[in-house]
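For this chain, numbers begin at 1 and follow the sequence in order.
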Amino acid sequence: MGNTKNTMRLIAHRGNVNGPSAQENHPDHIKEALNLGFEVEIDVWVIDGEVFYGHDGPQYKGTILDLDKRCWLHCKNLEALRFFSGLDMNETHAFWHDVDDYALTNKKYIWTNIGRDLSNRSIMVMPEVQDETLKNTIDVNCSGICSDWVQKIKVMRT
């Protein structure tokens with residue numbers, strides 16, 4: 001049992017909706033994606049109790065007030081994982097992964113790395129890496145798709 005085309009969770013990778021952007025993980029970029037109705041994957045760090053966004057390091061200051069249940073928090077350090085996995089924040093998702101095939105989120109979704117087999121609880125990650133046409137996202141049976149191209153995927157699936 002997966003989601004139908006219209007109920008599929010579409011997750012903007014680092015806030016990107018129309019392809020990679022230099023604004024990845026920037027708080028304004030994240031808010032724009034949320035305002036468009038997408039869920040958002042954010043790279044998060046917690047250092048001395050303060051929240052930061054950024055992929056390779058803590059780049060932008062953030063707050064937990066910016067986050068809601070539509071956010072998928074890719075914890076980038078142990079302090080972030082400890083902080084967010086123990087915090088009941090309106091069902092915000094938190095997980096850790098690096099090169100793992102699969103990672104289980106705190107809400108029991110399976111963050112599924114590029115090209116790995118999917119289940120009805122899987123979030124398909126970055127399908128454009130293997131198929132730049134994104135045709136493999138049209139009839140896929142999983143819970144959601146995390147991509148830099150969620151706007152294109154949304155149109156294709158309608």
Side-chain angles (χ1 to χ4, degrees), residues 1-21 24-25 29-46 51 53-56 62 64 66-78 80-158:
M1 172 185 181
N3 283 336
T4 65
K5 285 184 182 182
N6 295 328
T7 60
M8 174 75 64
R9 291 174 174 273
L10 294 178
I11 305 165
H13 180 244
R14 303 179 188 153
N16 298 329
V17 297
N18 289 307
S21 166
E24 290 182 347
N25 288 305
H29 194 57
I30 292 164
K31 287 176 191 169
E32 287 173 20
L34 290 169
N35 289 339
L36 289 171
F38 295 107
E39 298 182 33
V40 180
E41 181 264 353
I42 308 166
D43 297 320
V44 295
W45 301 76
V46 174
V51 177
Y53 309 145
H55 182 324
D56 294 323
I64 61 170
D66 296 331
L67 307 172
D68 68 25
K69 67 182 179 182
R70 298 174 297 157
C71 295
W72 296 72
L73 307 178
H74 181 175
C75 299
K76 302 300 275 187
N77 64 349
L78 181 58
L81 183 61
R82 193 178 303 129
F83 182 82
F84 287 112
S85 64
L87 195 61
D88 184 18
M89 295 178 31
N90 300 321
E91 301 178 23
T92 300
H93 302 267
F95 65 96
W96 161 273
H97 94 103
D98 187 14
V99 294
D100 315 296
D101 291 344
Y102 304 96
L104 191 62
T105 75
N106 64 328
K107 301 300 177 188
K108 297 186 172 46
Y109 284 90
I110 304 167
W111 198 258
T112 304
N113 212 338
I114 300 164
R116 302 298 181 247
D117 290 338
L118 301 169
S119 79
N120 65 340
R121 294 292 293 174
S122 286
I123 302 299
M124 174 190 240
V125 176
M126 303 299 287
E128 61 268 27
V129 171
Q130 289 196 309
D131 174 16
E132 61 188 45
T133 68
L134 294 169
K135 289 187 182 195
N136 64 341
T137 66
I138 295 171
D139 291 318
V140 71
N141 185 21
C142 60
S143 287
I145 300 171
C146 178
S147 171
D148 285 336
W149 298 94
V150 289
Q151 184 63 50
K152 181 177 180 179
I153 292 169
K154 179 180 178 181
V155 169
M156 290 174 67
R157 292 182 60 87
T158 351

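Across Asp100 and Asp98, no two heavy atoms sit closer than the pair OD2-N, 3.1 Å. Closest non-hydrogen pair, Ala12 versus Ala33, comes out as CB-CB, 4.0 Å. For Ile138 against Arg157, the heavy-atom pair with the smallest separation is O-NH1, 2.8 Å. Among all heavy-atom pairs drawn from Asn77 and Val46, the shortest one is ND2-O, 2.9 Å. Among all heavy-atom pairs drawn from Ile145 and Cys142, the shortest one is CG1-SG, 4.5 Å. Minimum heavy-atom separation, Ile123 to Tyr109: CD1-CD2, 4.2 Å.
With rounding to the nearest 0.5 angstrom, the CG atom of Asn25 is 8.0 Å from the NE2 atom of His55. Here the CZ atom belonging to Arg121 is positioned 11.0 Å from the NZ atom belonging to Lys107, to the nearest 0.5 angstrom. In this structure, the separation between NE2 on His97 and NZ on Lys76 is 7.0 Å, given to the nearest 0.5 Å. A distance of 12.5 Å separates CZ of Arg116 from CE of Met124, quoted to the nearest 0.5 Å.
Counting only residues at least two apart or on different chains, the salt bridge (charged side-chain N to carboxylate O under 4.0 Å, His left out) pairs with a member in residues 35-44 are Arg9-Glu39, Arg14-Asp43.
Between Trp72 and Trp111, the two ring planes are tilted [angle within 30° to 60°].
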Going through the distances and angles, do Val44 and Phe83 end up as a side chain to side chain contact (heavy atoms under 4.5 Å, CB included)? CA-CA 11 Å; Val44 295; Phe83 182 82; over 6 Å; no
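A heavy-atom distance below 4.5 Å is not found between the side chains of Asn106 and Phe95. Looking only at side-chain heavy atoms (C-beta outward), His29 and Asn16 come within less than 4.5 Å of each other. Looking only at side-chain heavy atoms (C-beta outward), His74 and Ile42 stay at 4.5 Å or farther from each other.
A donor-acceptor contact shorter than 3.5 Å is absent between the side chain of Ser147 and the backbone of Met126. Side chain of Thr112 to backbone of Tyr102: no donor-acceptor contact under 3.5 angstrom is found.
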Name each donor-acceptor pair under 3.5 Å that joins a side chain in residues 149-156 to protein atoms two or more places apart or in another chain, with its distance.
none

